[in-house]
Amino acid sequence: MPKYAIDLKSGAIKNEHPIIIGIDLGTTHSLVAIMENGKAQVVKDEFGENALLASLLHLSEDNVFSVGEKARAYIEVDPQNTIYSVKRLMGKSYDDLLSYKDFYGYELLDTGPENLVKIKLRDKSFTPIELSAEILKSLKLRVEKLLDNIVSKAVITVPAYFNDAQRQATRDAGKLAGLEVLRIINEPTAASLAYGIGLDKSVVQTVAVYDLGGGTFDISVLQIQDGVFEVLSTHGDTFLGGDDMDKLIARHWCDQKVFPATFIPSLRKLAEKAKKHLSEHDLFQETDSRFGELSLTRSAFEVIIKPLIDRTLLACEKVLSDANLTINDLDQVIMVGGSTRVPLVKKEVSAFFQKAVFDQMNPDEVVALGAAIQADILAGNQEDLLLLDITPLSLGIETVGGLMDTIIPRNSKVPTKVGRSYTTSVDGQTKLMVSVFQGERDLVNYNRKLGEFVLSGIPPMPAGIPKIDIQFLLDADGILKVKASELRSGVETSVVIQAQYGISEEEMALLLIDSIKNASSDLAARALQESKNEAANVL
Ligand code: ADP
Ligand code: MG
């Protein structure tokens, strides 16, 4: 007779083997995958047709969201209430998005530099977290209908460069959709898992993951060893992808047929159709009621998009030099993202890395499939594998005179835990402000403040006597917990650092460049401040 475990609080029957779903929450498409008979499978829509769910949302007059392809028609007729690319807004403030405000057809609300941006839809405002949750709900429902069972746990993927705030936002979106997010994993890690790389613990492998999607390009180099996936470096362009190819085709037709440039937006859908057709054929030809005969050959298309591909290859060069590797060090190159279906992309990337690329699986499905495999590992169905990432910027605290004291250096592997001892600088001091910063500069003023808290209740003692221990704990999702305790009295305070807003990859690069440019002046400033501190101590 079967035995059932009952949750005494809710009275619900506990499922002994809960299903964990894998979700690729993408900028242009999102999808969900599950394990079926030991194999990862994507889950198709209710008609059993499409696994890709367009990451589009529309809010109707009676406040109902439609998600996916159903929302597409509204981009043109009701742009203010139609959301695309919500992933770009995750973990960002209004100020973060100012430079590409024109990109959006909907209204972003200025909620101040310290807060996450909101989006105005009809007479309401929504956070990107709430909007992403609608996409996640739709995917969750898909699986529940298919399995006729409740789904409550998920693994969700994010780009390797996503920072704390963006990861936390993704996690929160999951929670809002009724999903316990067991793990946030990097998209390139998921893609490698989908190809079975890393499942054999005995081999060490170095792989490059080239991901060209609808609106973004990412290249990451991973080292996989003993079941540990380590991101050695990552680069990319947050405004480069298949959408740009569509725009270039539309522009080409406008030039050719002497249409005004205002036709470009309406031509884009046909342009995308032409592009996809040319991945399989040498010629696209169609007579359109509005635009007349439109045609494009594959070779003309290739000439048009070559500069875009060249830009991705520049990033590939950078990612290798950042990781201190040459192409000979790479064992595999994995192609991810719908735009890698373009034959010229495969050809150029393969030529650049001087090896055949992995493209046997559907490039727009691999990330979701890998997430499902990770879910299966977490469910305990596969041998224990660990995922390891690196932190892209140093984390530390402010010490006397505004100096940055780095506690977890950039490029450290996570999860990690580092502790350091401090003391007070003033007699009878009962409080200590702990300000946490991210960045590479010696002076905290130039770095990014992640948060601060006060350790209070320190018994009054002469300066230098209290023993204050500060622990930084960075978990596998890249979320930081900071704990401060005074060891003599036992008082302690801890906080989870959730950065108020995120920074872009470009800004991150700028911060790094800045720290190199200012290295000598920073060093001098630090030396001066340190001697001042020392002099004060002596006095
Ligand atoms: P994202 O990860 O950004 O959500 P995807 O990986 O789903 O994006 O890629 C979407 C892009 O792939 C779109 O620009 C789409 O036009 C392009 N794409 C899809 N199929 C093909 C194809 N057969 N040939 C060329 N491009 C394609
Ligand atoms: Mg993607």
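Counting begins at 1 with the first residue of the sequence. All ligand and atom numbering here is 1-based and tracks the order in the structure.
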Testing the basics here: between [X] and [Y], what is the closest heavy-atom pair and its distance to 0.1 Å?
X: A315; Y: I219; value: O-CG2, 3.8 Å
X: L139; Y: S30; value: CD1-CB, 3.9 Å
X: G213; Y: S339; value: O-OG, 2.8 Å
X: D24; Y: E187; value: OD1-OE2, 4.5 Å
X: T157; Y: A371; value: CG2-CB, 3.8 Å
X: N186; Y: R167; value: OD1-NH2, 3.0 Å

ask   = Do NZ/NE/NH1/NH2 and the carboxylate oxygens of E69 and R72 come within less than 4.0 Å?
value = yes

Protein residue, atom and distance nearest to [atom], heavy-atom basis:
atom: atom 5 (P) of ligand 1; value: G338 N, 3.6 Å
atom: atom 23 (N) of ligand 1; value: R341 CD, 3.4 Å
atom: atom 19 (C) of ligand 1; value: K276 CE, 3.6 Å
atom: atom 10 (C) of ligand 1; value: G214 N, 3.5 Å
atom: atom 8 (O) of ligand 1; value: T28 OG1, 2.8 Å
atom: atom 25 (C) of ligand 1; value: S279 OG, 3.3 Å
atom: atom 2 (O) of ligand 1; value: G213 CA, 4.2 Å

Residue Y74 excluded, over 12 heavy atoms near OH under 6.0 Å =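 Open: at most 12 neighbouring heavy atoms sit under 6.0 Å from OH of Y74.
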
Numbered atoms and elements of ligand 1 in range of [X], under 4.0 angstrom, heavy atoms:
X: T27; answer: 3 (O), 4 (O)
X: G337; answer: 6 (O)
X: H29; answer: 4 (O), 5 (P), 7 (O), 10 (C)
X: G242; answer: 14 (O)
X: G26; answer: 4 (O)
X: V342; answer: 25 (C)

ask   = Between the main-chain N or O of L283 and the side-chain N or O of H277, is there a donor-acceptor pair closer than 3.5 Å?
value =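 Yes, because the side chain of H277 sits within donor-acceptor range (under 3.5 Å) of the backbone of L283.
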
Under 3.5 Å: donor-acceptor pair, side chain of K175, backbone of T170 = no

query = Quick check: does D211 get an N/O under 3.5 Å from an N/O on ligand 1?
reply = no

Ligand 1 to K275 polar contact by distance, N or O atoms, under 3.5 Å = yes

query = ligand 1 versus E272, non-hydrogen atoms closer than 4.0 Å: side chain, backbone, both, neither?
reply = side chain

query = With a distance cut-off below 6.0 Å to the six-membered ring centre and an angular limit of 45° from the axis, does R88 pair with F103 as a cation-pi contact?
reply =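 Yes, R88 lies over the aromatic ring of F103.
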
query = For ligand 1, is S339 a contact, meaning one of its heavy atoms is under 4.0 Å away?
reply = yes

